Amino acid sequence: MRISLVSEHASPLAALGGVDAGGQNVHVAELSRALAQRGHAVTVYTRRDDPGLPGRVRSAAGLDIVHVDAGPPRAVPKDQLLPFMPDFARGILADWGARPPEVVHGHFWMSGLACLDAAAQCPPTRRPVVVQTFHALGTVKRRHQGGEDTSPAERIRLETAVGRGADRIIATCSDEVFELTALGIPGTRVSIAPCGVDLDLFSPSGPAAPRGRTHRIVSVGRLVPRKGMDLVIRALRILADGGYDVELVLVGGPGNAARLEEDPEARRLKALAADLGVEDRVVFAGQVGREEMPPVLRSADAVVCAPWYEPFGIVPLEAMACGVPVVAAAVGGLVDTVVDGRTGRHVPPQDPGAIAGAVGEILDSPDWGAELGRNGYRRVRARYSWNRIAADTEKAYLLTLRSSRLTDEAQGLPLPRPLESTGGRAL
Ligand code: UDP
């Protein structure tokens with residue numbers, strides 16, 4: 001198939017850990033690579049956020065990345081990108097020229113708008129099917145962040161329109177399916193394909209970063225309040241009071257140390273650690289590169305993920321792939337990925353006492369911790385390779401193409417070329 005993946009703010013080439021660069025970047029990079037490896041012709045469209053970027057990059061993985069001119073060619077917070085979506089759609093359409101793909105797959109709601117816009121401008125017989133992965137939903141964000149939510153006012157209305165207008169939605173977890181149903185998107189148009197993990201990069205074998213104390217917990221994420229790093233600092237205080245010689249490594253935030261000093265969330269967290277008297281136990285690692293991440297994860301007795309809510313959450317998969325138990329808030333995708341008592345512990349959201357209790361159990365029983373780690377490793381190998389996720393995504397594409405062909409036929413439109421070989425017979 002010829003497939004366009006559209007990801008307006010999250011480039012597969014970006015460095016990770018900044019406010020707007022995390023799981024979606026990983027997802028688009030790995031999914032596009034795995035689809036290309038499965039023999040598809042894949043192009044990724046993302047917004048040009050640097051004037052020095054070439055228009056088109058051929059990646060080593062055999063796919064193209066196109067930087068579309070839409071808005072100023074510099075970093076712009078994602079919540080300010082909506083006005084540039086018509087230009088973004090125009091750029092995609094121009095690149096398609098006379099040969100649109102068979103499938104255009106939007107990532108995040110604004111990309112979905114651009115996909116629907118570009119597809120609608122193709123001639124009916126060449127119109128690609130539109131598949132959408134939201135990565136995060138405005139309704140959920142508003143519920144948790146209320147007045148702090150900086151999304152454009154139109155987000156929920158437009159996101160719902162994308163959900164209803166796309167030919168198929170790919171949800172990344174079962175919790176998202178419930179949220180989509182609440183938006184009036186019928187389950188018959190929803191497939192599930194979770195995020196995956198790079199099993200070559202993340203594995204139990206390989207070096208572990210050195211520790212400064214007997215025990216270590218690690219928490220990884222963009223430095224935004226909803227990731228709940230403050231809750232983990234509070235849990236650390238409780239563990240220290242319980243007599244554990246334990247440190248906490250917080251990964252994420254800007255790459256350079258001076259910028260980390262100025263980062264408002266890093267400052268808030270440092271002040272909290274100082275207030276609680278645990279500043280000597282917290283290491284702010286800042287942005288950690290992909291290759292450096294496995295040694296950091298391997299150095300932990302447990303990786304803690306304490307978000308208020310989590311559309312999917314790739315970090316637990318990365319920890320499990322490294323054979324490390326995960327203590328996770330039982331929210332969103334973490335309900336599907338972490339199995340309580342088998343690969344880690346589920347704790348209620350926003351509950352430092354429960355986090356400390358679960359980590360303490362693991363620190364008290366290293367053999368049990370090792371067993372949780374082994375089970376996690378087996379679970380991700382069985383279910384979360386990117387090749388498997390790409391195969392699930394491919395199935396969703398084929399299903400969508402088949403039902404769109406049936407609709408076209410019913411409407412008397414000439415059929416596009418057949419999906420599968422017909423052995424020379426006309427369809
Ligand atoms: N990440 C990274 N370096 C950092 C911080 C994060 O490589 O300094 C990666 C992390 O390993 C994971 C992704 O960014 O692959 C975060 O994805 P997740 O789904 O957990 O959270 P999101 O950012 O989508 O909210």
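When a ligand or atom number is given, it counts from 1 through the structure's own listing order. The model shown is predicted, which means the values in this text are computed figures rather than measured ones.
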Would you say the side-chain atoms of [X] and [Y] include a donor-acceptor pair closer than 3.5 Å?
X      : Y      : result
Asp167 : Thr400 : no
Ser151 : Arg142 : no
His105 : Thr133 : yes

Taking only non-hydrogen atoms of [X], do any sit less than 4.0 angstrom from ligand 1?
X      : result
Arg226 : yes
Gly221 : no
Lys227 : yes

[X] atom [atom1], neighbour heavy-atom count above 12 within 6.0 Å:
X      : atom1 : value
Arg267 : CZ    : no
Arg38  : CZ    : yes
Arg211 : CZ    : yes

### Query
By ring pair (Phe, Tyr, Trp, His ring centres under 6.0 Å), which residues pair with Tyr309, not counting sequence neighbours?
His144

### Query
Using a heavy-atom cut-off of under 4.0 Å, does the side chain or the backbone of His135 touch ligand 1, or both, or neither?
neither

## Note on the structure
With heavy atoms and a 4.0 Å threshold, my read on which part of Asn25 contacts ligand 1 is neither

### Query
With Arg143, which residues qualify under side-chain hydrogen bond (donor to acceptor under 3.5 Å, both in side chains), at least two apart?
Glu179

For [X], counting its heavy atoms only, list the atoms of ligand 1 lying under 4.0 Å from any of them.
X      : answer
Val26  : 15 (O)
Val315 : 10 (C), 12 (C), 20 (O)
Val288 : 2 (C), 3 (N), 4 (C), 7 (O), 8 (O)
Met293 : 1 (N), 2 (C), 3 (N), 4 (C), 7 (O), 11 (O)
Glu318 : 10 (C), 11 (O), 12 (C), 15 (O)
Arg222 : 22 (P), 23 (O), 25 (O)
Gly313 : 19 (O), 20 (O)

### Query
For atom 7 (O) of ligand 1, which candidate among Arg290, Glu292, Glu291 holds the nearest heavy atom?
Arg290

### Shortest reach to atom 17 (O) of ligand 1 by a heavy atom, considering only Gly23, Cys195, Gly333, Pro316
Gly23

### Message
Evaluate Gly253 for polar contact with ligand 1, using N/O atom pairs at a separation under 3.5 Å.
### Response
no

### Query
With only distance considered, is Gln287 within less than 3.5 Å of ligand 1 through an N or O on each side?
no

### Query
Is the side chain of Asp392 donor-acceptor paired with the backbone N or O of Ala193 at a distance under 3.5 Å, no angle test?
no

### Message
Can you tell me which residue among His27, Glu176, His107 is in a side-chain hydrogen bond (donor to acceptor under 3.5 Å, both in side chains) with His135?
### Response
His107

